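Fair warning: this is a prediction, and the values are worked out from it, not measured in the lab.
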Amino acid sequence: MTLAATTPGKEMPARPRNTPTRLWWLLGCAPLAILASLLIGPRHSLSVMESAQLLWHSITDAAQVDAMLLDIMRNVRLPRTVVGFLVGAALSASGVALQAIARNPLVAPDIAGISSGAAFGAALALSTSWLPVQGTAFAFGVAASIATYYLGRIRRRLSTVGLVLSGVVVGSIFTALLSVLQAFTDPLSLQSIVLWTMGNLHHASWQGAQSLALPVLVSFALLWHMRWRLNVLALGDEEALAVGIDPARNKLWVLMAAVLAASSAVAVAGIIALVGLIVPHTVRLWLGADHQRLVPGCMLAGGSFLVLVDALARSSAPVELPIGIFTTLVGGPVLLFFLRAGKLRQRED
């Protein structure tokens, strides 16, 4: 395994064998992850067998199902699974797009400052109660991404190191503003804001799924349309100009799609760390660096990963834990493994 095989860079690594088959594997795993999320619930709730019977009867003959249990399946578990899949897919797609245009493996929505900006906007809307949560989160996510983009430019060119450093600074500023907002918020609103910033899906509903579906699908469509351009942008501005692609304009479109996806996910589920960083790395190892397969692969893997982690978060303890805690606990060791493997390989080279 080489470091180039796990990160976007100057040279395009060789594509792993059987890549189309591996993509079909991801496509097949997504329904299984969704089914597992529907069947698994809290310890004090239905068992897996009871959930399976309930799901089957709700499809075949709803009259045989208790009304309360049917309501749990249709209005609690199903919308939560849909929202979780969309959030995971949005964060993963945003991460792989940002890594391509920045040509840096450390760039992700939470590291580039987008998640912090969107979190501040959503918390501001929650504390005022008259601002739209999703619209305000998107506006501040855009503001954070623009600030990160222009602060990371050195001599009118986007510097990869400058982008990471500016993202850390912008994210820290919005995190500080969020802390100031929490200090002046009444206790009732403060509790909901604190729990929301930890990242969770326990408030997921069909209304949240509807508000999330349109912006996420629009960003998916835009990234899918530009998937082959991401391959060129990942090689550098000079290579993009050589094949007739305007790097600045195309990076702007990709950035807007990434911000739309990430800010919409943050507005609904809060800050869920490391999903946009770990999933693209893992899928890149599995499928290679070709974004024509990497973009849909990250969407499928990110959505499947988050619904499974959410099922673990709500069933592993008597009290439901925020999903952001589990993604950090799972993603942290994986990130350390990638960093360690890269250092070992560099020494061998």
Side-chain angles (χ1 to χ4, degrees), residues 23 25-38 40 77-99 108-111 114-115 118-119 134 137 141 196 198-205 208-209 211-220 223-224 257-284 286-287 294-315 320-332 334-335:
L23 184 59
W25 270 100
L26 289 177
L27 184 61
C29 289
L32 296 178
I34 293 173
L35 180 61
S37 178
L38 291 175
I40 300 174
R77 290 193 182 180
L78 187 57
R80 180 167 181 157
T81 301
V82 172
V83 170
F85 192 89
L86 289 176
V87 168
L91 294 175
S92 302
S94 177
V96 73
L98 292 173
Q99 290 173 12
D110 43 348
I111 295 178
I114 298 175
S115 295
Q134 198 158 356
W196 176 84
M198 293 181 183
N200 62 80
L201 297 173
H202 65 267
H203 289 307
S205 61
S211 64
L212 180 63
L214 181 60
V216 169
L217 292 177
V218 169
S219 63
F220 286 176
L223 291 177
W224 174 255
V259 172
L260 179 61
S263 60
S264 300
V266 171
V268 172
I271 300 177
I272 301 179
L274 297 183
V275 176
L277 182 63
I278 298 301
V279 174
H281 280 292
T282 306
V283 177
R284 192 176 289 111
W286 181 252
L287 298 179
L294 188 57
V295 170
C298 285
M299 295 176 186
L300 294 171
S304 302
F305 170 75
L306 199 62
V307 295
L308 290 177
V309 172
D310 179 55
L312 178 65
R314 65 176 185 257
S315 61
E320 180 179 337
L321 297 175
I323 191 174
I325 296 176
F326 277 85
T327 57
T328 304
L329 291 176
V330 174
V334 175
L335 179 59

Donor-acceptor under 3.5 Å (D310 side chain, T81 main chain) = no
Are S264 and L260 side-chain neighbours, meaning at least one heavy-atom pair lies under 4.5 Å?
-> yes
Do V330 and I278 come close enough that some side-chain heavy atom pair is under 4.5 Å?
-> no
Write down the atom of S304, the atom of A30, and the distance for their closest heavy-atom approach.
-> OG-CA, 3.3 Å
Report yes if some heavy atom in the side chain of P109 is under 4.5 Å from a heavy atom in the side chain of L98; otherwise report no.
-> yes
For S211, what residues pass the side-chain hydrogen bond (donor to acceptor under 3.5 Å, both in side chains) criterion, not counting sequence neighbours?
-> Q134
Which pairs pass salt bridge (charged side-chain N to carboxylate O under 4.0 Å, His left out) with one or both residues in residues 87-98, sequence neighbours excluded?
-> none
Between OG1 on residue T327 and CG on residue L312, distance to nearest 0.5 Å = 11.5 Å
Can you tell me if R80 uses its side chain to pair, donor with acceptor, with the backbone of A204 under 3.5 Å?
-> no
Do S219 side-chain atoms and V216 backbone N/O form a donor-acceptor pair below 3.5 Å?
-> yes
N/O donor-acceptor pair under 3.5 Å between S37 side chain and A311 backbone | no
Backbone of A90 reached by a side-chain donor or acceptor of S94 within 3.5 Å = no
Report the residues that fulfil side-chain hydrogen bond (donor to acceptor under 3.5 Å, both in side chains) with H203, sequence neighbours left out, ordered by chain and then residue number.
-> none
R314 side chain to I40 main-chain N or O, any donor-acceptor pair under 3.5 Å?
-> yes
From C29 atom SG to I34 atom CD1, the distance as rounded to the nearest 0.5 Å = 11.5 Å
Distance (rounded to the nearest 0.5 Å) between S115 OG and L91 CG | 6.5 Å
